[in-house]
Amino acid sequence: MEWGAVVVAAGRGTRMGAADNKPYLKLAGRAVLAHTLEAFERSDSVKSIVLVVTSGEQKKAAEIIGNEGFGKVKLIIPGGAERQDSVYAGLTALDTEGVLVHDAARPLITSAQIEACCRAAEEHGSSAIAVPVKDTIKVSDGNGFIVATPERRTLWSVQTPQAFLRTELMQAHRQAQEEGAIATDDAMLLERLGRKVAIVEGDYANLKITTPEDLPIAELLLARRKEKGEPN
Ligand SMILES: Nc1ccn([C@@H]2O[C@H](COP(=O)(O)OP(=O)(O)OP(=O)(O)O)[C@@H](O)[C@H]2O)c(=O)n1
Ligand SMILES: C[C@](O)(CO)[C@H](O)COP(=O)(O)O
């Protein structure tokens, strides 16, 4: 199966609160976006990448891609108000049979994990990388009180990439649009249609740069990876 990637980098970084948008923050001397794209550039299964960025940041993104010599990024397009809109915009610009959707804010992804996602989706139809939850998770009543504790052994913290048949994911997005359904990840759009998404156990290091403390943690994880001679 031929695989493409939609890398979404069109958020505003509200929770990070930095002067620059998250994809352009420096991580070990390089833009967060450069680390993220490098793993997809190195993945033998990924043939093309559509990068979805904030309107007005297309030139900035293109400069990074040019400086890094990345050749798989075919299009840099503006995103939408929600992550779901940005993903859909990317899907309409890709023509591969398989699609990986990945957050640009997850720069510690590795090409090995990308390959594992592709293989699992080729076997099961779709897949999502995830790690077992380490904390006990509680459900609240919305007024600050705990009302339930889901069984921890059934809980996974899902990350990206998530891998799908492109036409299937596009159909799921269109159905969600028609029904006004908002999803915080793409797997949810298939789950709501009764489709099973295979879990690919990943790595706790594949964190999403979301709040300020995430950046120094990512720096440490990258330094440890370099000491061990591990590739992205
Ligand atoms: N309208 C949006 C919102 C998010 N994203 C992307 O989706 C990924 C996950 O989103 P998140 O970590 O929430 O990034 P932001 O939306 O920028 O952060 P915040 O919610 O704090 O504003 C990020 O790579 C982000 O750039 C996107 O492409 N388009
Ligand atoms: C897609 C995701 O990274 C899976 O954990 C997460 O849902 C993105 O959430 P965000 O609020 O858009 O960062």
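Note that this is a predicted model, so its numbers are computed, not measured. As the structure lists them, so they are numbered: ligands from 1, and atoms in each ligand from 1. Numbers for residues simply follow the sequence, beginning at 1.
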Answer yes when [X] and [Y] have at least one side-chain N-carboxylate O distance shorter than 4.0 Å, and no when they do not.
X	Y	result
Arg224	Glu230	no
Arg195	Glu168	yes
Asp186	Arg83	yes
Arg174	Glu178	no
Arg119	Glu122	yes

Do we see a donor-acceptor contact under 3.5 Å between the side chains of Asn206 and Gln113?
no

Distance filter under 4.0 Å, heavy atoms only, around ligand 1 gives Val8, Ala9, Ala10, Gly11, Arg12, Gly13, Thr14, Arg15, Lys22, Gly80, Ala81, Glu82, Arg83, Ser86, Asp103, Ala104, Ala105, Lys208

Nearest atoms (heavy-atom pairs only) where Ile77 meets Gln58
CA-NE2, 4.0 Å

Which atom names give the shortest non-hydrogen contact between Gly90 and Val6, and what distance separates them?
C-CG2, 3.7 Å

Exactly which residues line ligand 2, taking a heavy atom under 4.0 Å from it as the test?
Arg15, Arg83, Asp103, Arg106, Val158, Thr160, Thr184, Asp185, Lys208

Derivation of the side chain to side chain contact (heavy atoms under 4.5 Å, CB included) call for Lys208 and Asp103
CA-CA 8 Å; Lys208 182 161 65 73; Asp103 300 327; 3.6 Å; yes

